[in-house]
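Counting starts at 1 for both ligands and their atoms, in listed order.
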Amino acid sequence: MQQRAGSPGKGVEMKLIIAAIKPFKLEEVREALTELGVSGLMVTEIKGFGAQAGHTEIYRGAEYEVNFVPKVKLEIVVPSDLADQVVETITKTARTGKIGDGKIFVLDVAQAVRVRTGETNQDAL
Ligand SMILES: Nc1ncnc2c1ncn2[C@@H]1O[C@H](COP(=O)(O)OP(=O)(O)OP(=O)(O)O)[C@@H](O)[C@H]1O
Ligand SMILES: [Mg+2]
């Protein structure tokens, strides 16, 4: 379904994509997303665990025997039309084929505001 800015009630205008990826993939993923037309994103250094909780995972050549492994979390708000391509791009770019490559979640976004101008929703991205 086509989404239009400023048409409340016609579906969710924006999506939030949360992705945990391997830190060394950050720059490559950022470049790919910029090429796709993503206009902004948040980056946080995190630690986490996935399906191998309590087992080992390789990070920068070292085998981690702890529960938590360093990851980078991306938070990206995009027009809903772009969400599938963002997910595909992250999946393709961040994949090494080894365990711990990451995980992606997609959520609905109710509202966005650009502080400087007061623009809202897709205009604020
Ligand atoms: N169910 C979850 N909820 C929230 N965050 C998660 C979840 N699963 C994974 N994560 C986050 O994603 C990071 C990467 O997860 P990871 O790639 O190890 O997932 P996985 O399911 O174990 O897949 P793989 O078998 O490929 O390792 C974790 O370190 C954690 O920060
Ligand atoms: Mg894992």
### Query
Does an N or O anywhere in Val69 fall below 3.5 Å from an N or O of ligand 1?
no
### Message
Below 3.5 Å, N or O to N or O, backbone or side chain included: is there any such pair between Lys98 and ligand 1?
### Response
no
If you define the side chain from C-beta out and look only at heavy atoms, does anything of [X] sit under 4.5 Å from [Y]?
X: Ile21; Y: Asp101; value: no
X: Glu27; Y: Glu31; value: yes
X: Val78; Y: Gln85; value: no
X: Thr96; Y: Lys25; value: yes

### Message
Just verifying a value: how many Å separate Lys15 NZ and Asp81 CG, rounded to the nearest 0.5 Å?
### Response
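These two atoms lie 10.5 Å from each other.
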### Message
Distance check, rounded to the nearest 0.5 Å: Leu33 atom CG versus Ile90 atom CD1?
### Response
5.0 Å
Could you tell me, atom by atom, which parts of ligand 1 come under 4.0 Å of a heavy atom of [X]?
X: Asp101; answer: 17 (O)
X: Lys103; answer: 7 (C), 8 (N), 9 (C), 12 (O), 19 (O), 20 (P), 21 (O)
X: Ile99; answer: 26 (O), 27 (O)
X: Gly102; answer: 14 (C), 17 (O)
X: Gly100; answer: 16 (P), 17 (O), 18 (O), 24 (P), 26 (O), 27 (O)

### Query
Which is it for Ala51 and ligand 1 at heavy atoms under 4.0 Å: side chain, backbone, both or neither?
both
#### Entry: ligand 1 contact on Ile46 by region, counting heavy-atom pairs under 4.0 Å
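Contact part for Ile46 vs ligand 1: side chain (C-beta onward).
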### Query
With distance as the sole test, does Ser80 use its side chain to make a donor-acceptor pair with the main-chain N or O of Met14 at under 3.5 Å?
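Looks like yes, one N/O pair under 3.5 Å.
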### Query
Any donor and acceptor pair, going by atom type alone, linking the side chain of Lys73 with main-chain N or O of Lys47 inside 3.5 Å?
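No, Lys73 side chain to Lys47 backbone: no donor-acceptor pair under 3.5 Å.
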### Query
If you measure from each heavy atom of Phe105 to ligand 1, is any distance below 4.0 Å?
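Distance cut 4.0 Å: Phe105 passes for ligand 1.
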### Query
Which of these, Ala94, Ala20, Ala19, has its nearest heavy atom closest to atom 11 (C) of ligand 1?
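Going through Ala94, Ala20, Ala19 one by one, Ala20 has the nearest heavy atom to atom 11 (C) of ligand 1.
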